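Just so it is clear, the structure is predicted and the values come from calculations on it, not from any experiment. Numbered from 1 within each chain, the chains take letters A, B, ... in sequence-line order.
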2 protein chains.
Amino acid sequence: MTKDLYSIPDIIMSRLPVYYQHLKKLKESNKTYVSSEELAKLTGFSSSLIRKDLSYFGTFGRKSYGYDIFCLFQQIRIIMGFNYNKKIILIGAGHLGQALAYNKGYIERGYKLTAVFDKNPKLIGLVINDLEIKSISDLENYLSENKVDAAILTVPEAAAQKTADRLVAAGIKAIWSFAEVPIKVPADVLVEEQLINEGLCKLSVKMNQPRINKSEVEEDFDCEQK
Amino acid sequence: MTKDLYSIPDIIMSRLPVYYQHLKKLKESNKTYVSSEELAKLTGFSSSLIRKDLSYFGTFGRKSYGYDIFCLFQQIRIIMGFNYNKKIILIGAGHLGQALAYNKGYIERGYKLTAVFDKNPKLIGLVINDLEIKSISDLENYLSENKVDAAILTVPEAAAQKTADRLVAAGIKAIWSFAEVPIKVPADVLVEEQLINEGLCKLSVKMNQPRINKSEVEEDFDCEQK
DNA sequence: TAGATTGTTAATCGATTAACAATC
DNA sequence: TAGATTGTTAATCGATTAACAATC
């Protein structure tokens with residue numbers, strides 16, 4: 001029996017992509033079941049935590065067998081909304097934008113990239129991954145004629161807020177933003193800020209731990225308040 | 001007085017990039033101080049949590065003024081290790097790899113991108129962002145002659161593990177992996193998995209909430225155990 | 001001074017773990 | 001059957017919040 005999925009806490013939601021990734025991999029193996037202990041080894045979460053998490057989604061476990069890999073995978077897809085078709089557009093066809101135009105992750109997550117926009121006349125008209133780059137001046141027109149669920153924002157920092165404002169004004173309710181600068185939107189619009197360099201930060205923090213432990217920090221730093 | 005920085009919990013560490021991003025922005029304004037209440041509005045964290053977090057790093061706050069923006073910014077840079085110079089290389093010059101070669105985030109975080117490698121003969125020799133793409137067969141040779149602190153892994157999924165193994169064998173201790181597949185490394189090697197499509201997942205989950213709340217889920221799904 | 005805001009403590013809240021009965 | 005492993009409860013652990021004295 002499935003519990004009220006609406007009540008699944010954020011922290012569990014944040015582990016879903018990790019389960020998804022590993023189950024996808026497991027699905028390709030010839031195994032049918034996976035135990036919480038095996039998932040623990042793969043994910044780094046404790047087996048106890050995994051059993052607790054999974055119990056939110058229903059009862060896929062069979063005592064002494066483990067979890068049905070395929071069922072679990074399907075259910076996580078449903079909770080994450082991957083089984084629901086969504087249209088997404090890309091604003092900004094610079095280096096990162098182009099890489100995202102070639103991203104293979106859309107389909108399996110239920111997204112279809114339907115249009116790419118840019119401001120640069122040199123890019124407009126070029127075709128990337130079968131999509132012709134449209135002029136950003138056509139944005140409002142396009143959105144009035146096509147139902148679009150979300151937009152990817154990969155414009156330069158300076159243009160990010162203005163472009164987001166245009167998207168919101170044109171009715172977009174979800175933005176995946178790669179702008180390094182935080183953007184402001186009304187409360188009914190979802191923004192997912194993808195700090196692309198966050199991984200670089202985390203790596204740096206971890207590489208830094210041994211040095212910080214030797215506490216050369218205070219010496220380096222002469223900005224303390226008295 | 002600064003506490004033992006080594007003991008800063010992961011959860012606080014994970015908020016550092018957010019503080020960093022907002023302080024960087026604030027630094028450009030003409031303000032000298034920012035209050036925990038203002039930071040709360042910007043970050044979405046509670047002012048109480050922010051004061052608690054910041055108290056770990058030292059005493060930058062002045063009662064009735066707030067926090068010295070520049071000092072706080074500097075200290076967070078130190079904790080994240082941005083003031084320490086690191087060399088990084090890029091393996092895989094496909095669409096995403098090229099976008100990362102043009103990424104402007106390295107310098108301010110103390111990284112310098114020093115080499116780009118690829119397997120594809122059509123790419124080898126091309127210059128992207130002033131770096132000539134080298135053959136992956138030169139990897140070991142390059143690493144034996146150059147001190148490198150970290151590697152960015154943007155090779156296709158199928159090559160990810162093997163390439164990671166080569167990097168580890170050649171002495172690399174930190175990998176920023178964009179492979180969609182989890183990679184295995186020895187315990188003394190740091191891996192930061194950047195699930196590029198995680199933002200897409202999060203967006204999807206949030207867009208899905210209203211529908212899930214109407215609980216069409218159980219009907220959709222006929223994979224339950226009996 | 002009066003108002004503002006920190007730094008910190010204690011209280012609360014929530015998440016994780018340990019343990020084990022149930023059972024395949 | 002005996003061994004394995006879930007699902008769940010209670011105990012623990014850790015993180016967040018509320019509150020307020022200190023003080024600029």
Side-chain angles (χ1 to χ4, degrees), chain A residues 1-16 18-19 22-23 26 31-73 75-76 223-226, chain B residues 1-16 18-19 22-23 26 31-73 75-76 223-226:
Chain A
M1 184 206 27
T2 309
K3 296 180 193 173
D4 180 8
L5 291 171
Y6 187 64
S7 66
I8 297 178
D10 272 7
I11 191 117
I12 297 185
M13 287 289 182
S14 74
R15 284 189 289 264
L16 289 184
V18 180
Y19 293 130
H22 287 280
L23 288 167
L26 283 166
K31 294 179 55 169
T32 309
Y33 291 94
V34 63
S35 72
S36 59
E37 200 55 62
E38 288 170 289
L39 278 173
K41 283 212 184 75
L42 291 168
T43 61
F45 310 145
S46 79
S47 65
S48 195
L49 180 62
I50 291 170
R51 289 199 301 280
K52 195 123 210 283
D53 279 0
L54 300 188
S55 74
Y56 269 91
F57 315 143
T59 46
F60 305 95
R62 279 180 68 185
K63 291 190 174 69
S64 94
Y65 287 80
Y67 296 88
D68 185 306
I69 291 169
F70 186 76
C71 288
L72 202 49
F73 180 74
Q75 179 68 342
I76 286 179
C223 199
E224 298 265 10
Q225 304 295 323
K226 277 140 298 277
Chain B
M1 182 208 25
T2 309
K3 297 181 192 172
D4 180 7
L5 292 172
Y6 188 63
S7 67
I8 296 177
D10 272 7
I11 191 116
I12 297 184
M13 286 289 182
S14 74
R15 285 190 288 263
L16 290 184
V18 180
Y19 293 130
H22 287 280
L23 287 167
L26 283 165
K31 294 179 55 169
T32 310
Y33 291 95
V34 62
S35 73
S36 59
E37 200 54 61
E38 287 170 290
L39 278 174
K41 284 213 184 75
L42 291 169
T43 60
F45 310 145
S46 78
S47 64
S48 196
L49 179 63
I50 291 170
R51 289 200 300 281
K52 196 127 209 283
D53 279 1
L54 300 189
S55 74
Y56 270 91
F57 315 144
T59 45
F60 304 97
R62 279 181 67 187
K63 290 189 176 69
S64 92
Y65 287 80
Y67 295 88
D68 184 308
I69 292 169
F70 187 77
C71 288
L72 201 48
F73 180 76
Q75 180 68 341
I76 286 179
C223 198
E224 297 266 12
Q225 304 296 321
K226 278 141 298 270

Member of A:Ile12, A:Asp53, A:Leu72 meeting the side chain to side chain contact (heavy atoms under 4.5 Å, CB included) criterion with A:Tyr19: A:Asp53
Among C:dC24, D:dT8, D:dC24, which nucleotide sits nearest the side chain of A:Ser55? D:dT8
Which heavy atom of A:Leu23 sits nearest a heavy atom of A:Ile69, and at what distance? O-CG2, 4.0 Å
With both distances under 3.5 angstrom, what nucleotide forms a Watson-Crick or G-U wobble pair with D:dA22? C:dT5
Would you indicate whether the side-chain heavy atoms of A:Thr43 and A:Arg15 approach each other to under 4.5 Å? no
Looking at C:dC24, D:dT17, D:dC24, which one has an atom nearest to any side-chain atom of B:Ser46? D:dT17
Is the phosphate of D:dT16, meaning OP1 or OP2, less than 4.0 Å from a side-chain N or O of B:Arg15? yes
What nucleic acid atoms does B:Ser36 come within less than 4.0 Å of, heavy atoms only: base, sugar-phosphate, or nothing? sugar-phosphate
Closest approach of A:Phe57 and A:Gln75, non-hydrogen atoms and distance? O-NE2, 3.1 Å
Would you indicate which nucleotide in C:dG7, C:dT9, D:dT9 comes nearest to any side-chain atom of A:Lys52? D:dT9
Between D:dT5 and A:Tyr67, is there an OP1 or OP2 to side-chain N/O distance shorter than 4.0 Å? no
Just name whichever nucleotide pairs with D:dC13, Watson-Crick or G-U, keeping both distances under 3.5 Å, else none. C:dG14
Reckon B:Ser48 touches a base, only the sugar-phosphate, or nothing at all at heavy-atom distances under 4.0 Å? base
